[in-house]
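Residue numbers run from 1 in the order of the sequence given.
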Amino acid sequence: MRVFSSTYTFDYSWNEVSTANWLKYCPWNKSSSHVIAVDTLSRHVDPSSGILRTERLITCTQSAPAWVIAIMGGSCTTHSYETSYVDPVERRVTMCSTNLTWSNMISVRETVVYQPDNSRSEPGHERTKFEQEARITALCGGWQKLRSKIEEASVERFRENARRGREGFEAVLEMSRRVFGEERERERRKRESAIS
């Protein structure tokens with residue numbers, strides 16, 4: 001098993017990040033063109049805790065090294081299952097995903113957490129901490145050398161995708177801030193003209 005982990009602080013509030021998270025795979029994100037579809041399977045709010053739980057199927061095209069395709073077979077279309085929890089009281093978004101494609105050959109379990117970064121926030125300027133961990137296990141029986149090579153290639157892919165994902169999400173956050181700001185301004189003007 002190999003573990004990939006990364007942390008990052010977004011210069012946006014938790015409210016902005018937790019809202020924009022649902023727009024992560026939209027046209028504003030040039031880094032997510034590999035995402036073909038995001039299908040919501042279920043969504044509900046727990047009445048006692050207020051936690052929003054969502055299950056999604058994410059379909060992507062992934063370019064894999066030719067030797068991986070040769071060994072594992074299949075195509076470059078992949079599916080992942082994601083369960084997310086938005087806790088408005090604790091101000092925490094937790095997303096857990098696992099691969100469905102090639103799951104008999106490799107297990108990829110990823111956890112992402114967004115929460116306020118109080119150590120880096122200032123009054124009137126919140127920041128949000130992002131923590132990502134992926135546990136990658138090749139399931140190739142006794143072939144240790146092959147297993148290691150698959151796990152190492154997967155960790156490297158995660159590293160590249162994590163960087164691109166952060167850059168793309170920054171663009172989504174920037175656009176969301178602008179669009180929501182413009183909408184708030186329109187609403188303010190509408191209220192003022194109604195009062196006049």
Side-chain angles (χ1 to χ4, degrees), residues 3-62 76-103 106-118 121 126-137 154 157-158 161-181 183-184:
V3 177
F4 168 80
S5 61
S6 75
T7 60
Y8 184 76
T9 299
F10 287 103
D11 200 21
Y12 294 87
S13 70
W14 182 84
N15 287 341
E16 290 174 295
V17 170
S18 62
T19 300
N21 181 56
W22 303 109
L23 303 171
K24 190 184 296 187
Y25 303 120
C26 74
W28 298 340
N29 185 346
K30 304 288 188 233
S31 299
S32 69
S33 59
H34 67 290
V35 178
I36 299 168
V38 178
D39 298 302
T40 300
L41 306 173
S42 74
R43 176 175 283 159
H44 73 274
V45 176
D46 181 287
S48 61
S49 67
I51 294 175
L52 170 66
R53 182 179 190 275
T54 305
E55 295 177 62
R56 303 191 304 176
L57 177 66
I58 301 172
T59 305
C60 303
T61 56
Q62 298 284 349
C76 292
T77 301
T78 62
H79 302 282
S80 298
Y81 173 77
E82 174 192 87
T83 305
S84 63
Y85 306 88
V86 180
D87 186 336
V89 176
E90 294 295 321
R91 296 179 47 165
R92 181 180 173 107
V93 175
T94 304
M95 299 169 13
C96 305
S97 63
T98 188
N99 64 305
L100 298 176
T101 304
W102 297 333
S103 60
I106 188 166
S107 168
V108 181
R109 301 204 181 270
E110 178 185 24
T111 302
V112 169
V113 176
Y114 296 102
Q115 57 191 352
D117 189 345
N118 297 324
S121 296
E126 284 185 47
R127 292 180 172 87
T128 302
K129 186 176 184 179
F130 163 83
E131 297 172 303
Q132 176 185 34
E133 180 180 276
R135 295 179 176 273
I136 301 163
T137 307
S154 298
R157 174 61 55 95
F158 250 89
N161 288 345
R163 181 189 53 77
R164 281 196 301 271
R166 270 194 312 272
E167 291 169 1
F169 193 42
E170 285 276 1
V172 170
L173 286 162
E174 183 181 327
M175 183 64 81
S176 295
R177 181 178 276 176
R178 192 175 88 223
V179 168
F180 291 138
E183 183 60 28
R184 281 191 297 274

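- Side-chain atoms of Asp46 do not come within 3.5 Å of backbone N or O of Arg53 as any donor-acceptor pair.
- For the atom pair CD1 (Ile36) and OG1 (Thr61), the distance works out to 5.0 Å, reported to the nearest 0.5 Å.
- With respect to Arg92, the side chain to side chain contact (heavy atoms under 4.5 Å, CB included) criterion is satisfied by exactly one of Ile51, Val113, Val86: Val113.
- Separation of the Phe169 and Phe130 ring centroids does not fall under the 6.0 Å cut-off.
- For Glu55 and Ser42, the side-chain atoms include at least one donor-acceptor pair closer than 3.5 Å.
- Considering OH of Tyr114 and CD of Glu16, their distance stands at 13.5 Å, rounded to 0.5 Å.
- Looking at heavy atoms from C-beta onward, Val108 lies out of side-chain contact with Trp102 at the 4.5 angstrom threshold.
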message = Please determine whether salt bridge (Lys or Arg N to Asp or Glu O under 4.0 Å) holds for the pair Glu174 and Arg178, giving the CA-CA distance in whole Å, both sets of side-chain angles, and the decisive distance to 0.1 Å.
response = CA-CA 6 Å; Glu174 183 181 327; Arg178 192 175 88 223; 5.6 Å; no
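- You'll find the side chain of Met95 reaches within 4.5 Å of the side chain of Asn21, heavy atoms only.
- Between the Thr101 side chain and the His79 main chain, a donor and an acceptor come within less than 3.5 Å of each other.
- The closest donor-acceptor contact from the side chain of Ser103 to the backbone of Asn99 lies at 3.5 Å or more, if one exists at all.
- Electrostatic pairing of Arg166 and Glu170 does not count as a salt bridge here, judged by no charged N lying under 4.0 Å from a carboxylate O.
- Here the OG atom belonging to Ser13 is positioned 9.0 Å from the CG atom belonging to Leu173, to the nearest 0.5 angstrom.
- Taking OG1 from Thr54 and OH from Tyr85, the interatomic distance works out to 10.0 Å, rounded to the nearest 0.5 Å.
- Shown here for Val93 and Ser18, the closest heavy-atom pair between the two residues is CG2-CB, 3.7 Å.
- Minimum heavy-atom separation, Ser176 to Ala20: OG-CB, 3.8 Å.
- When atom types are taken as modelled, the side chain of Asp117 and the backbone of Arg127 share no donor-acceptor pair closer than 3.5 angstrom.
- Two residues are said to be in side-chain contact when any heavy atoms from C-beta on lie closer than 4.5 Å; Gln115 and Glu131 meet this criterion.
- Here the shortest heavy-atom pairing between Gln132 and Ala162 reads OE1-CB, 3.5 Å.
- For the atom pair CH2 (Trp22) and CG (Leu52), the distance works out to 5.5 Å, reported to the nearest 0.5 Å.
- Residue His34 holds its NE2 atom at 8.0 Å from CZ of Arg164, rounded to the nearest 0.5 Å.
- No option in Glu110, Arg56, Arg109 other than Glu110 meets the side-chain hydrogen bond (donor to acceptor under 3.5 Å, both in side chains) test with Ser97.
- Paired with Phe10 under the rule ring-ring contact (aromatic ring centres under 6.0 Å, His included), one option of Tyr12, Trp14, Tyr8 passes, and it is Tyr8.
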